[in-house]
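Working notes, structure below.
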Amino acid sequence: MNSYLKLIRNVLLIGIFVLCACQQASKTFMPGELWPDNNGVHINAHGGGILFHQGTYYWFGEHKIEGKAGNKAHVGVHCYSSTDLYNWQDEGIVLSVVEDTTSLIVKGCIIERPKVIYNANTKQFVMWFHHELKGMGYKAAMTGVAVSDKVNGPYTYLKSVNPNKGYWPLNFPDSLKQKEVDMDTIKQWSVEWQKEVVDGVWLRRDMEKGQMARDMTLFVDDDGTAYHIHASEENSTLHIAQLSDDYLSFTGKYVRALEGKMNEAPALFKRGDKYYMISSGCTGWKPNAARSAVADHPFGPWTELGNPCLGSDDEIKTTFQSQSTYVLPVQGKDDTFIYMGDRWTPENAIDGRYIWLPIEFEHDKPVISWFDEWRLKELPGQF
Ligand code: DGJ
């Protein structure tokens, strides 16, 4: 075959390849279905969040393994990248657990709900995550932090803390700071017991060692101030805490929010001049009815808006068999937000699915409905 024919053949082969590749590129969201990455492997980034940086979305989440032990960290935090939110490139494990048994991120610890934010001043990517120590279940209730100069890592683990040690919340009354209560003498979950929880019995207990931090998310406001939002006080109350200018520590300025309401899986986002929170109740790996709330400032006061879900009784009660993890503002498409939820499969953690649904607003209240399949272009709001 002469060189001319070879050239024609090669051009045709490349064209066929490109055509096939384009045809394989997805252009729809299919909540609950397997979601293959660029290698055809179901995305493995659970309980995650997304950072938009220099025109690309980066999805960070818990890498799960097969089987029931998959809810422990045997690998670390996985990262994927995308420019269209449908098709994701595997960027690999960006924070790895270690074999070193003296390390707090030793293989077999618990790393959950990793979120990454970018500090424009230090030019560092900062990851915070819910961290539980190996062999201690969920007792430690710490939050860990890792940093990288590159969005896709590798991230270097710095420390884990119980936040705001020695600091009272900005919205905690002086009259309750010295209150003494023996909770062992009160029937658990009784009205009296719940009142003492709202009045800060666990907050006072943890003042010396630092507060509990379990399910968490991060939020960076328009002015660059970063907030670490986490379930605290035995998961009874959310703490919304300001991070330092380098995003690597807590300033000690924080508030209690939705006291005693047992919120987990917080996802905070801003729409116009309002701050919204979508969260879940506390039922382990089982889904429950989502909650929503609104405020004029991250420090609140927060007003409950109720369950944002519309649909059948089961859909409303289980948030479409999912639990919130993040709310993604779609870049370049005004007033467009995506609810990101996890459909956990603890019996085989690696099979966990992703429930991404558009958030609509009715009288400024977030509303989430089910779609078997949907596309960004079908939503209002101009690209
Ligand atoms: C619910 C939380 O949202 C998850 O992150 C995880 O901690 C499970 N509880 C563990 O039961």
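Start at 1 and go down the list; that is how both ligands and their atoms are numbered.
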Please check if atom OH in Tyr86 has more than 12 non-hydrogen atoms from other residues, nucleotides or ligands closer than 6.0 Å.
yes

Identify whether the distance between the nearest side-chain nitrogen and carboxylate oxygen of Arg214 and Glu112 falls below 4.0 Å.
no

State the atoms of ligand 1, each with its element, that fall below the 4.0 Å cut-off from a heavy-atom position in Arg113.
3 (O), 5 (O)

Any nitrogen or oxygen of Gln323 lying under 3.5 Å from a nitrogen or oxygen in ligand 1? Just yes or no.
yes

Considering only heavy atoms of Asp215, which atoms of ligand 1 have at least one such atom less than 4.0 Å away?
2 (C), 3 (O), 4 (C), 5 (O), 7 (O)

Give a yes/no verdict on whether any heavy atom in Trp344 is under 4.0 Å from an atom of ligand 1.
no

Nearest to atom 6 (C) of ligand 1, what protein heavy atom do you find, and at what distance?
Glu112 OE1, 3.3 Å

Are more than 12 heavy atoms from other residues, nucleotides or ligands located less than 6.0 Å from atom NZ of Lys253?
no

Charged N to carboxylate O below 4.0 Å: is that the case for Glu233 and Arg205?
no

Among all protein non-hydrogen atoms, which one is nearest to atom 1 (C) of ligand 1, and what is the separation to 0.1 Å?
Gly284 O, 3.2 Å

Given Phe269, which partner from the list Phe219, Tyr276, Tyr275 fulfils the ring pair (Phe, Tyr, Trp, His ring centres under 6.0 Å) test?
Tyr276

